Amino acid sequence: MKIAICASEVVPFAKTGGLADVTGALPLELESLNQEVIIIMPRYKAIQEPKFSVQRLKPDISYSVIGKNAKVYFIENDMYFNRDGLYGDKAGDYKDNLDRFSYYSRRALELLKEIDFAADIIHCHDWQSALIPVYLKTLHIDNPFYQNTKTIFTIHNIGYQGLFSKEEFPKLGMDWKFFNMEMLEFYGKINLLKGGIEFCDIINTVSPTYSKEIQTKEFGYGLEGILTKRKNDVFGILNGLDYSIWNPKTDKFIIKNYSIENLHDKYKNKEDLQRICKLPIKTDVALFGIVSRLAEQKGFDILADAMEKICKMNLQLVILGTGDLKYHVILENIVKKYPKDISLHLKFDDPLAHKIYAGSDVFLMPSKYEPCGLGQLISMSYGTIPLVFKTGGLADTVTEDDGFIFDKYKKEDLIKTIDKASKAFKGKKKWPQLMQRAMQNNFSWKESAKKYLALYEKAKSR
Ligand code: ADP
């Protein structure tokens with residue numbers, strides 16, 4: 001099958017979150033299942049030689065290769081993409097995001113024709129590439145080149161929909177008749193995610209539980225109605241984990257590699273993390289780690305409220321993340337008060353993330369909602385026990401056998417569960433078993449890629 005993966009971020013070229021992990025890993029597995037895969041993404045400023053090997057194809061198209069021979073095509077446009085950020089900067093979202101990603105979507109479709117890649121499947125991800133299914137069924141509806149092309153649209157997070165003002169609609173190059181409630185209009189605005197959902201052949205999300213949740217008012221962010229209408233086309237496939245990157249046996253960023261056979265070496269990483277974070281070197285208190293966007297979705301509303309209590313619980317906490325300035329400020333103030341208990345790193349730092357996954361005892365991920373979540377999968381592979389709220393992909397991947405779970409989204413329940421984890425760590429007895437069970441999980445991409453292939457077949461047969 002010929003598969004084109006279209007996404008705004010792909011590991012190793014550009015990443016702000018789990019989406020990039022998925023679009024970087026899935027093509028490699030599809031390739032090993034003998035599929036012909038290409039990837040199309042924007043060329044951001046950071047994608048440069050010598051860090052990446054990039055070849056030129058056309059004046060505005062370059063490419064690189066991942067896996068055996070999966071070409072990653074970069075759409076270039078200095079005015080739109082030659083920037084440090086992917087979607088915005090400190091001042092917020094870039095004002096021209098509609099121009100940027102409508103341009104990307106149009107150019108991606110043209111490129112397929114120019115390189116004569118008659119895709120069986122175009123697999124789009126989130127609002128940034130949601131216009132591709134829209135353009136395919138509007139601007140290109142009569143173009144014979146795309147006649148046999150089907151689209152899969154994966155929603156990684158329904159909370160981010162790509163909303164723009166109605167006045168910007170002419171930028172899409174489409175007739176106003178498409179600005180209606182059944183298509184791109186959403187409470188007077190343009191909603192790109194909605195467009196993707198309405199126009200694609202199959203809708204997918206990144207865990208079975210989340211695929212059900214988004215069809216409810218509580219989780220659907222206003223799109224539950226259209227999703228319910230298409231419920232027979234909505235599927236959920238868990239993300240896999242790239243064990244070539246997230247593996248304590250081979251991880252190049254951590255001070256001491258370890259495995260299930262020599263778990264005591266994990267504690268050298270704990271000591272290293274405490275040292276880097278200027279926390280007291282202690283073996284008998286649980287070290288909790290967070291690697292996350294600082295957003296309400298990730299549980300920071302209840303976490304912020306619980307912080308004072310947590311800091312008095314005789315545990316250590318390392319937080320790595322960036323996001324809402326509100327949480328930057330709250331956390332900075334708390335650290336000033338409890339510098340020996342918390343270490344705060346307000347940045348995106350991949351090497352430090354690896355050290356936190358390896359050096360912590362518990363990985364804190366109390367997300368309010370979580371489409372799939374990679375943090376809990378990564379932490380389990382490092383024998384770091386996840387503490388999660390029972391929702392979405394967290395509910396699908398963490399059990400009482402390998403993690404700590406609370407099922408009422410309240411700060412009291414979070415505190416209680418943190419206390420339970422902290423005591424279990426100090427109790428020592430059951431902890432090694434917990435670590436072993438966590439590490440024995442296998443969330444490899446192999447199984448997920450097979451499921452995607454089955455979904456592609458389903459789309460093809462429509
Ligand atoms: P998201 O909703 O942000 O995509 P996921 O759990 O699916 O959440 O994936 C987050 C990914 O981004 C993980 O690989 C995590 O380690 C990484 N990550 C998040 N924040 C940071 C940060 N500040 N520094 C380094 N890596 C980060």
Side-chain angles (χ1 to χ4, degrees), residues 7-12 14-26 85-87 125-128 154-161 205-207 209-210 213-214 219 221 236-248 251 253-254 273 276-277 289-300 303 318-324 327-328 331 343-360 363-382 384 386-389 391-398 403 443 445 448:
S8 56
E9 49 183 279
V10 179
V11 161
K15 167 170 167 172
T16 67
L19 161 64
D21 293 302
V22 174
T23 53
L26 177 61
L86 270 55
Y87 316 123
H125 300 262
D126 281 350
W127 67 264
Q128 295 89 341
T154 296
I155 301 168
H156 294 258
N157 189 334
I158 205 160
Y160 299 85
Q161 302 184 349
T205 66
V206 287
S207 69
T209 296
Y210 193 59
E213 286 175 345
I214 57 173
F219 294 97
Y221 278 79
I237 299 175
L238 268 182
N239 290 335
L241 188 59
D242 185 345
Y243 286 100
S244 70
I245 298 175
W246 301 110
N247 185 344
D251 192 323
F253 292 115
I254 64 177
L273 184 62
I276 294 168
C277 295
I290 294 180
V291 181
S292 178
R293 281 184 290 115
L294 305 185
E296 193 176 312
Q297 183 222 325
K298 296 290 178 183
F300 278 86
L303 200 58
V318 176
I319 303 176
L320 168 64
T322 56
D324 281 0
Y327 296 122
H328 285 217
L331 293 171
S343 170
L344 179 65
H345 308 264
L346 296 173
K347 58 180 175 175
F348 194 95
D349 184 337
D350 197 35
L352 181 57
H354 284 251
K355 286 175 189 293
I356 294 174
Y357 286 117
S360 307
F363 188 73
L364 205 48
M365 196 164 173
S367 306
K368 184 180 254 171
Y369 73 92
E370 192 56 77
C372 174
L374 284 172
Q376 84 282 17
L377 306 183
I378 300 172
S379 73
M380 284 197 273
S381 94
Y382 284 78
T384 301
L387 189 162
V388 302
F389 176 57
T391 184
L394 299 174
D396 287 338
T397 54
V398 180
F443 297 104
W445 264 108
S448 302

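Every number for a ligand or one of its atoms is a count from 1 in the order of the listing. If you're wondering where the values come from, they're calculated on a predicted model, not measured in any experiment. For the single chain, residues carry numbers from 1 onward in sequence order.
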- Item | Shortest non-hydrogen contact between Q376 and T397, atoms and distance | NE2-OG1, 3.1 Å
- Note on the structure: For atom 16 (O) of ligand 1, the closest protein heavy atom turns out to be Y357 OH, 2.7 Å
- Query: Which heavy-atom pair separates S8 from L86 by the least distance, and what is that distance?
  - Reply: O-CD2, 4.3 Å
- Message: Just to be sure I'm reading this right: ignoring hydrogens, which of G373, G159, G18 gets closest to atom 10 (C) of ligand 1? Compare them by their nearest heavy atoms.
- Response: G18
- Might you work through the side chain to side chain contact (heavy atoms under 4.5 Å, CB included) test for D21 and K15, ending with a clear yes or no? CA-CA 8 Å; D21 293 302; K15 167 170 167 172; 3.0 Å; yes
- Any atoms of ligand 1 less than 4.0 Å from a non-hydrogen atom of G321? List them with their elements. 23 (N)
- Report the nearest protein non-hydrogen atom to atom 5 (P) of ligand 1: residue, atom name, distance rounded to 0.1 Å. L374 N, 3.6 Å
- Going by distance only, is there an N or O of D349 that falls short of 3.5 Å from an N or O of ligand 1? yes
- Task: Check whether the ring centres of Y369 and Y221 lie less than 6.0 Å apart, and answer yes or no.
- Result: yes
- Numbered atoms and elements of ligand 1 in range of D21, under 4.0 angstrom, heavy atoms: 11 (C), 14 (O)
- Does I378 reach ligand 1, in the sense of a heavy atom lying below 4.0 Å from it? yes
- Query: atom 23 (N) of ligand 1: which protein heavy atom is closest, and how many Å away?
  - Reply: K347 O, 2.8 Å
- Item | Enumerated ligand 1 atoms positioned under 4.0 Å from heavy atoms of S292 | 20 (N)
- Task: Considering only non-hydrogen protein atoms, determine which one is nearest to atom 22 (C) of ligand 1 and report residue, atom name and distance to 0.1 Å.
- Result: F348 CD1, 3.5 Å
- Item | V22 backbone acceptor or donor facing N239 side chain under 3.5 Å | no
- Query: Which ligand 1 atoms, with their elements, are less than 4.0 angstrom from a heavy-atom of G17?
  - Reply: 4 (O)
- Query: Does some side-chain heavy atom of M380 sit less than 4.5 Å from a side-chain heavy atom of P386?
  - Reply: yes
- Message: With heavy-atom distances below 4.0 Å as the criterion, list the atoms of ligand 1 near A353.
- Response: 25 (C), 26 (N)
- Of all protein heavy atoms, the one nearest atom 12 (O) of ligand 1 is K15 CE, 3.7 Å
- Item | Interfacing atoms of ligand 1 (cut-off 4.0 Å, heavy-atom, G375) | 6 (O)
- Considering all heavy atoms of both residues, which atom of L273 and which atom of K355 are nearest to each other, and what is their separation? CD2-O, 3.9 Å
- Note on the structure: Paired with M365, the side-chain contact (heavy atoms from CB on, under 4.5 Å) test is passed by just one of V291, L374, L394, namely L394
- Message: Between Q297 and N157, is there a side-chain heavy-atom distance shorter than 4.5 Å?
- Response: yes
- Note on the structure: Note: N239, heavy atoms under 4.0 Å from ligand 1, region reported as neither
- Give a yes-or-no answer on whether the side chains of H345 and S343 include a donor-acceptor pair shorter than 3.5 Å. yes
- Item | Nearest neighbour in protein (non-hydrogen) for atom 3 (O) of ligand 1 | R293 NE, 2.9 Å
- Query: Looking only at side chains, do Y382 and D251 share a donor and an acceptor under 3.5 Å apart?
  - Reply: yes
- Query: Under a 4.0 Å heavy-atom limit, does M365 contact ligand 1 with its side chain, its backbone, both, or neither?
  - Reply: side chain
- Message: Any atom of ligand 1 sitting under 4.0 Å from a heavy atom of K298?
- Response: yes
